[in-house]
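The shown structure was predicted, so the numbers you read here are calculated from the model rather than taken from an experiment. Counting starts at 1 for both ligands and their atoms, following the listed order.
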Amino acid sequence: MKFHTRKPTALAALLLTATFAFAGCGSDDGGDGGSADGGSGGSGGGDLSITMLPKNLGNAYFDTSTKGAEKAAGELDAEFEEVGPETGSPDAQVSYINTVAQQGKSALIISANDPDALCDAIDEARSADVKVVTFDADTNPDCRDLFINQATAEGIATKQLELISEEIGGSGEIAILSASANATNQNAWIATMEEELASNPDYADIELVDTVYGDDDDQKSFDQTEALLQNHPDLKGIISPTTVGIAAAARYLSDSEYKGKVALTGLGTPNQMREFVEDGTVGSFALWNPGDLGYLATYAAAALVDGSISGEEGDSFEAGELGEFEVGADGTVLLGEPFTFNADNIGDFDF
Ligand code: RAM
């Protein structure tokens with residue numbers, strides 16, 4: 001399936017922008033999760049007004065995607081704000097979507113906490129002429145104008161299986177520590193991993209014995225890691241396809257008898273995982289650049305608002321320093337491929 005064309009390679013873009021969240025976006029932290037109204041306040045002054053609504057605030061991954069979006073908004077002279085709930089539940093996102101509609105914003109960029117539950121609110125916002133771009137976690141395609149996908153489900157699933165298989169020598173029990181049970185992104189990746197485990201002879205000796213949910217809450221993810229290890233004494237490895245989950249699991253393992261015995265991989269940010277790679281708890285993990293994802297989503301929203309694209313397959317638009325992107329099937333724009341971080345390269349990244 002062909003989703004897009006882009007000029008720089010995924011690695012080139014990653015290296016190009018590895019530090020931009022810190023060097024290129026100034027010191028204004030739009031995603032610290034600390035503001036009393038659940039948002040970071042507005043900025044910018046053009047006709048284009050954009051609200052970014054992550055799954056929840058206080059997650060380093062979304063802090064970085066928001067910085068990328070802010071950078072793009074600055075380039076586009078757009079008014080920009082981030083708002084969001086403390087916990088990653090769909091109900092908590094609805095009121096923010098309603099507010100965007102009432103305020104008559106030009107665009108909403110959202111990582112959705114549920115594929116269906118937000119669609120009524122999003123429909124109302126779209127009726128009020130708000131362009132809706134999902135990024136990171138999609139809704140049903142009918143519900144939004146575009147989805148900015150970080151990498152294909154196949155690419156993300158395959159990468160994590162390759163990493164865990166390598167760590168555990170190709171055989172043994174593994175478990176998954178995910179985000180919330182209704183997260184579209186994690187569920188798609190898990191479904192693809194399950195299919196691959198069942199059909200790929202390379203994984204014939206690997207058994208997925210449990211999937212648990214930490215709800216992208218640090219403490220719950222930490223507790224779920226402990227429970228997994230107690231419930232499965234023969235566990236050889238854990239895949240955590242969430243930056244919150246993998247960091248909490250790494251913290252648990254690093255200080256336990258399981259360090260170096262139970263492997264951990266998944267999707268993490270280099271800054272959160274660095275100490276655990278350096279102390280040997282984690283060999284490698286994967287991700288894309290969340291800053292690029294937010295940056296691309298903002299350019300896509302701007303292109304929808306100014307009418308240069310409608311979200312149809314084949315539409316193309318310029319996304320600043322990331323180059324040109326094309327809309328693929330189901331109104332999806334693809335950022336690139338997941339990238340693997342390990343002890344050899346983690347020092348090159350700062351996000
Ligand atoms: C967490 C969130 C996000 C996911 C990353 C990998 O930060 O669940 O949606 O894409 O992990």
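None of Thr243, Asp136, Asp216 except one satisfies the side-chain hydrogen bond (donor to acceptor under 3.5 Å, both in side chains) rule with Tyr61; the exception is Asp136.
Atoms of ligand 1 lying under 4.0 Å from at least one heavy atom of Lys55, given by number and element, are 2 (C), 3 (C), 8 (O), 9 (O). If you number the atoms of ligand 1 from 1 as listed, the ones under 4.0 Å from a heavy atom of Gln150 come out as 10 (O). Atoms of ligand 1 found under 4.0 Å from any heavy atom of Gln186 (numbered from 1 in listed order, with element): 2 (C), 4 (C), 8 (O), 11 (O). Numbered from 1 in the order shown, with element, the atoms of ligand 1 that lie under 4.0 Å from a heavy atom of Asn59 read 1 (C), 7 (O). Against a heavy-atom cut-off of under 4.0 Å, Phe62 is close to the following atoms of ligand 1: 3 (C), 9 (O).
If you check each of Thr243, Val244, Thr269, Asn113 against atom 6 (C) of ligand 1, the one with the closest non-hydrogen atom is Thr243. Looking at Thr64, Asp136, Ile156, Leu293 and measuring to atom 9 (O) of ligand 1, the nearest heavy atom belongs to Asp136. Evaluated by nearest non-hydrogen atom to atom 8 (O) of ligand 1, the leading choice among Asp216, Leu267, Thr242 is Asp216.
Residue Trp288 has no nitrogen or oxygen atom sitting less than 3.5 Å from a nitrogen or oxygen atom of ligand 1, judged on distance alone. The shortest N or O to N or O distance between Trp189 and ligand 1 is not below 3.5 Å.
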Let me see the working for Trp288 and Asn149 under side chain to side chain contact (heavy atoms under 4.5 Å, CB included), right down to the final yes or no. CA-CA 10 Å; Trp288 42 90; Asn149 193 8; over 6 Å; no
Worked check of side chain to side chain contact (heavy atoms under 4.5 Å, CB included) between Ile238 and Ile174: CA-CA 6 Å; Ile238 298 172; Ile174 62 166; over 6 Å; no
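Heavy-atom minimum distance, Phe135 versus Phe147: C-CE1, 3.8 Å.
Side chains of Asn140 and Asp116: a donor-acceptor N/O pair is present below 3.5 angstrom, by distance only. Using modelled atom types, one finds no donor on one side chain facing an acceptor on the other under 3.5 Å when comparing Ser254 with Lys259.
Residues Ser106 and Lys131 form no side-chain contact, since every pair of their non-hydrogen atoms from C-beta on lies 4.5 Å or further apart.
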